[in-house]
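Here, residue 1 is the first one in the sequence, and each next residue gets the next number. Values in this document were obtained by computation on a predicted structure and should not be read as measured data. Numbering of ligands and ligand atoms starts at 1, following listing order.
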Amino acid sequence: MLYENLAINNEGHLTIGGLDAVSLAAEYGTPLYVLDEDVIRRNCRTYVTAMHECFGPDAAPLYASKALCFKGIYPVVESEGMCVDVVSPGEIYTASAAGFPAEKMFFHGTNKTDADIRFALEKGVGYFVVDNHNELESLERIAGEMGIRQKVLLRLTLGLDPHTLEAINTGRVDSQFGVPVDTGQADVFVRAALDCSNISVEGFHSHVGSQIFESDSFMKQVEIFAEYSAKIQSKMGFTARVINIGGGFGVRYTEKDPQIDIPARIREVSEHLKAACAKFGIGVPCVFMEPGRSIVADAGVTLYETGGVKEVKGYRNYVTVDGGMTDNPRYALYKSEYTVLNASRAGCDADYEVTVAGRCCESGDRIAEYVKIARPERGDIIAVLTTGAYNYAMASNYNRVPRPAMIMISGGKARLVVKRETYEDLMKNEL
Ligand SMILES: *Cc1c(COP(=O)(O)O)cnc(C)c1O
């Protein structure tokens, strides 16, 4: 099995956190998102412990909410000592409704409207991660009107190119995120921010990309940050107290993906940062990271019911399921690979090659192609692993498919955390 929390019981069914996947599907219906809370907590602790050890007690991981945002996730990450990264007023609203303290929120986004800025200031978010000079000007003005002095980090693009997919690479110079260092524009941006009277610049932020397995891009990043901070310190007399190095550690979607030793990677980055700070003659700043995927992805399994098995002679076999791109658009978007199992026959040989297709009238509606599972029959429960991140968060109602329910399991017990959408829900805003 790809993960430790998965096993096969006496009936030959897949179990998740000790619970029978086929029984869960029968009880809660399909498609069903299953989240193992114990795995999420373990992932949070890995980061919190490693970051405290390597970067000191003020360092913290921020959970990148965009990976999986719903009310029930916030108390879990908060109780594990995480801050959160929020990218929209909708995420701020959800986190606040869940009782998450606003001062531990970091507000991201390339286009924060004046209304968004006002909303976040009213809620009292701890930090804005300012993306560009337009935002800086609006924030300065609105914070002034509201009598607030807002803490910010300035988002910089460092010109890095991690070995990852084009669609999820955000750190290059040619990017819509942040202000580039290489072109000299960052200097102007930092100067302007330091001249604002309603803004307190705490430091810098950059996010390199996603699904990254090695630490070289993070090491490069802290090196550039140290060099840049030293330059700003001598040029402008400003010392960055914080650097936020973003998220992006990868997870194992299939057996081919490596297993990352996150504490070891964080240690490498911290040693590199300390050496770089010594080299450029600056103090070591407080460090934040923003893991999203590596907190929740491997905690999630999606369960579907098989509708049919279609053998197209001379071509391939299709298995159709009662969900698809509406609950998991990642294959359609980026051809992301997944591990698929027949949860009803998990003990049988996985020797039947299939393409798993969704229920939408769209030829791109696929979850996986040419994967091997035990030959299914109509009614079998299909499990797709590693769906905790960027699945529910990216779900849609295309073809008027209601979004699935989500359950959270912990200590061998399951509880409903998101109700299944109803047909009335689909029409609730229609007049
Ligand atoms: C998406 C994103 C993250 C989280 O990335 P993961 O790959 O899910 O860890 C963190 N920070 C920023 C700014 C992001 O855009």
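Only side-chain heavy atoms of H207 come within less than 4.0 Å of ligand 1; its backbone N, CA, C and O stay farther off. Heavy atoms of Y390 found under 4.0 angstrom from ligand 1 belong exclusively to the side chain. Under 4.0 angstrom from ligand 1, there are no non-hydrogen atoms of V87.
Taking a cut-off of under 4.0 Å to the non-hydrogen atoms of S210, the atoms of ligand 1 that pass are 6 (P), 7 (O). Shown in contact with R155 at under 4.0 Å from a heavy atom are these atoms of ligand 1, numbered in order with element: 13 (C). Listed by number with element, the atoms of ligand 1 under 4.0 angstrom from any heavy atom of P291 are 9 (O).
At distances below 3.5 Å, not a single donor-acceptor pair connects side-chain atoms of E421 with backbone N or O atoms of P402.
Ranked by closest heavy atom to atom 2 (C) of ligand 1, the top entry among E290, H108, K66, R293 is K66.
Ring centroids of H108 and H207 are separated by 6.0 Å or more, keeping the two rings apart.
For ligand 1, the polar-atom distance check finds an N/O of G292 within less than 3.5 Å of one of the ligand's N/O atoms. At least one N/O-N/O distance between G248 and ligand 1 falls below 3.5 Å.
Salt-bridge formation is detected for the pair E37/R415: a Lys NZ or Arg NE/NH1/NH2 atom is positioned less than 4.0 Å from an Asp or Glu carboxylate oxygen. Between E223 and K220 there is no salt bridge, since no side-chain N of the basic residue sits under 4.0 Å from a carboxylate O of the acidic one. Of the charged side-chain nitrogens involved, none lies within less than 4.0 Å of a carboxylate oxygen, so that E202 and K151 do not count as a salt-bridged pair. For the pair R241 and D58, the salt-bridge criterion is not met [side-chain N within less than 4.0 Å of a carboxylate O].
More than 12 heavy atoms of other residues, nucleotides or ligands lie within 6.0 Å of CZ in R252, so this atom counts as buried by the packing criterion.
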